[in-house]
2 protein chains.
Amino acid sequence: MEIQEGKQKFIESWGKMASDWGINRTMAQVHALLLIAPEPLTADEVMEGLSISRGNANMNLRALMDWGLVHKQLKSGERKEYFFAEKDMWTVVRQIIVHRKKKELEPMLKVLDEVANVEPNCPESETFCNVVKDIRLLSNKANQTLDTLIKADSGWFSNIFLRMVR
Amino acid sequence: MEIQEGKQKFIESWGKMASDWGINRTMAQVHALLLIAPEPLTADEVMEGLSISRGNANMNLRALMDWGLVHKQLKSGERKEYFFAEKDMWTVVRQIIVHRKKKELEPMLKVLDEVANVEPNCPESETFCNVVKDIRLLSNKANQTLDTLIKADSGWFSNIFLRMVR
DNA sequence: TTATATTTTCAATATTTTTTGAAAACAAAA
DNA sequence: TTTTGTTTTCAAAAAATATTGAAAATATAA
């Protein structure tokens, strides 16, 4: 495989995987492009590299910065903005966890808490109450675990996995 | 909150959460409806309960059975099919992991392996090679961890989480 | 066998999500 | 100040995804 073909394939797969997980495909492709770029890129280079419009490039670069996966670099004497991706994969994973946890898991927990307040009526709705109880238990455990992961450093990450697969 | 309102809210949130994660919203709502139903439901009851068409109900019930989250029950003397959800939450989580791992993580790993074969040319593309190397390492670890989780029983699940948050 | 109940399929339609591109906003330089 | 290069916005268009509903297929009963 040509190196250029490999890069192309990597960008495509990263985008495909992301869209399977409910993340905008182009956002992931911009991320992939910056991940494998040896130097920071301008918005124009991103547009060119992925054949996307200026608006699209701009929106997805902002979103990536919002997720903490991409940063801006200003070169002195230059007017253009340069963008580069966080290269440490553990930090990438951590940032994704932080973002999705806040935007998705936490609101779900909130709803579950609200819903759990129907418990007084539970004898008449046993199945419902049991399901809510079990999901709350599981989600809270997942939430705690994610908090631990977020706080853990790169070394801890490996350790946690090692402990789990042992 | 009324119990009926609580059920409604639960179905909606379950659907919302799923669609955030790239899973069809209606599929998750059907799942939620069956989860909190004290007895198995017919396709007609699902249609009625969620105000969806017969085709939609049918497709999503099939998908849920394909994921191993819903099962069919035939009542003797009756012609209709009844559907009920797997209620054990750890089994639910396990089935979701099994399904998504097979459909998404494994294909990604395959692509990464292919892409990694450009390594001979790596000195000329250091950044790319490093990124691929790191992602492969991480994905393989995640893959192993998921395999362990899948094999683990309900008790193990709690243990693993407890070990991680300790 | 034929009639009837039920499920499945899938082309057409509707909805949601993403992308475009040009105008507006902004910011540095002249 | 005005000009020029650059980024941001967002309404309209395009693309992707989900849903409908009626016809076809299937299965049970008569």
Side-chain angles (χ1 to χ4, degrees), chain A residues 11-34 40-67 70-84 100 103-104, chain B residues 11-34 40-67 70-84 100 103-104:
Chain A
I11 292 172
E12 269 170 32
S13 311
W14 201 239
K16 172 62 169 53
M17 159 127 284
S19 94
D20 284 341
W21 287 88
I23 293 162
N24 181 295
R25 202 188 75 224
T26 304
M27 171 172 158
Q29 289 181 336
V30 173
H31 183 223
L33 182 71
L34 292 175
L41 304 181
T42 62
D44 285 272
E45 288 169 319
V46 171
M47 290 165 60
E48 160 82 10
L50 300 174
S51 315
I52 58 175
S53 70
R54 181 171 307 285
N56 201 3
N58 183 272
M59 294 241 254
N60 284 303
L61 284 166
R62 299 302 128 194
L64 284 164
M65 289 199 292
D66 184 42
W67 283 52
V70 162
H71 307 281
K72 193 188 284 190
Q73 188 174 65
L74 296 169
K75 296 197 182 179
S76 64
E78 290 215 42
R79 218 147 145 185
K80 278 200 278 284
E81 296 176 330
Y82 286 78
F83 301 92
F84 64 98
R100 300 207 75 166
K103 288 271 172 72
E104 289 142 31
Chain B
I11 292 172
E12 268 171 33
S13 312
W14 201 241
K16 172 62 167 57
M17 161 125 284
S19 94
D20 284 341
W21 287 89
I23 293 164
N24 180 296
R25 202 188 75 224
T26 304
M27 171 172 158
Q29 289 181 337
V30 173
H31 184 223
L33 182 71
L34 293 175
L41 304 181
T42 62
D44 285 272
E45 288 169 320
V46 171
M47 289 165 61
E48 160 81 8
L50 300 174
S51 314
I52 59 174
S53 71
R54 181 172 305 286
N56 201 2
N58 183 67
M59 294 239 258
N60 284 303
L61 284 167
R62 299 304 127 191
L64 284 164
M65 290 199 290
D66 185 40
W67 284 52
V70 162
H71 306 282
K72 191 188 287 190
Q73 188 174 66
L74 296 170
K75 296 198 183 178
S76 63
E78 289 215 42
R79 216 144 145 185
K80 277 198 278 283
E81 296 175 330
Y82 287 77
F83 301 91
F84 64 98
R100 300 207 75 167
K103 287 271 174 68
E104 289 141 30

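In what follows, every chain begins at residue 1, and chains take the letters A, B, ... in the order their sequences are listed. These numbers come from the heavy atoms of this one structure, side chains and all, not from hydrogens, waters or symmetry mates.
Neither OP1 nor OP2 of dT18(C) sits under 4.0 Å from any side-chain N or O of Thr26(A). Proximity of Asn58(A) to the phosphate of dT7(D): no side-chain N or O atom is located under 4.0 Å from OP1 or OP2.
Of all heavy-atom pairs between Glu45(A) and Leu41(A), the closest is OE1-CA, 3.2 Å. Looking at every heavy atom in both residues, Met65(B) comes nearest to His71(B) through SD-C, 4.3 Å.
Residue Arg25(B) qualifies as open at atom CZ: its count of foreign heavy atoms under 6.0 Å is 12 or below.
Met59(B) has its CE atom 12 Å from the C1' atom of dG21(D), to the nearest Å. The CG atom of Asn60(B) sits 12 Å away from the C1' atom of dT17(D) (whole-angstrom rounding). Here the P atom of nucleotide dG21(D) and the CG atom of Asn56(B) are 11 Å apart, to the nearest Å. Rounded to whole Å, atom P of dT8(D) lies 5 Å from atom CD of Glu81(A). Atom CZ in Arg62(A) sits about 14 Å away from atom C1' in dA25(C), given to the nearest Å. Summarising the geometry, the separation between CD1 on Ile52(B) and C1' on dT15(C) is reported as 15 Å, rounded to the nearest angstrom. Atom CE in Met27(A) sits about 14 Å away from atom C1' in dT18(C), given to the nearest Å. Rounded to whole angstrom, the span from the CZ atom of Arg25(B) across to the C1' atom of dT17(D) amounts to 12 Å.
The listed nucleotides are dT9(D), dT9(C), dT7(D); the one nearest the side chain of Arg54(A) is dT7(D). Picking from dT19(D), dT19(C), dT7(D) the nucleotide with the shortest atom distance to the side chain of Asn24(A) gives dT19(C). Listed candidates were dT9(C), dT6(D), dT19(C). Nearest to the side chain of Lys80(A) is dT6(D).
For Arg79(B) against dT4(C), a side-chain N or O and a base N or O form a donor-acceptor pair under 3.5 Å.
Looking at which nucleotide of DNA chain D each of Tyr82(A) and Gly77(B) is closest to, the 5′-most match is held by Tyr82(A). Mapping Ala43(B) and Gly22(A) onto DNA chain C by nearest heavy atom places Ala43(B) closer to the 5' end of the strand. When the nearest nucleotides of DNA chain C are assigned to Asp44(B) and Ile23(A) by heavy-atom distance, the more 5′-ward of the two goes with Asp44(B).
Judged by distance alone, the side chains of Glu104(A) and Trp21(B) do bring a donor and an acceptor atom under 3.5 Å apart.
In this structure, Lys75(B) is positioned above the aromatic face of Tyr82(B), its NZ or CZ under 6.0 Å from the six-membered ring centre and within 45° of the axis.
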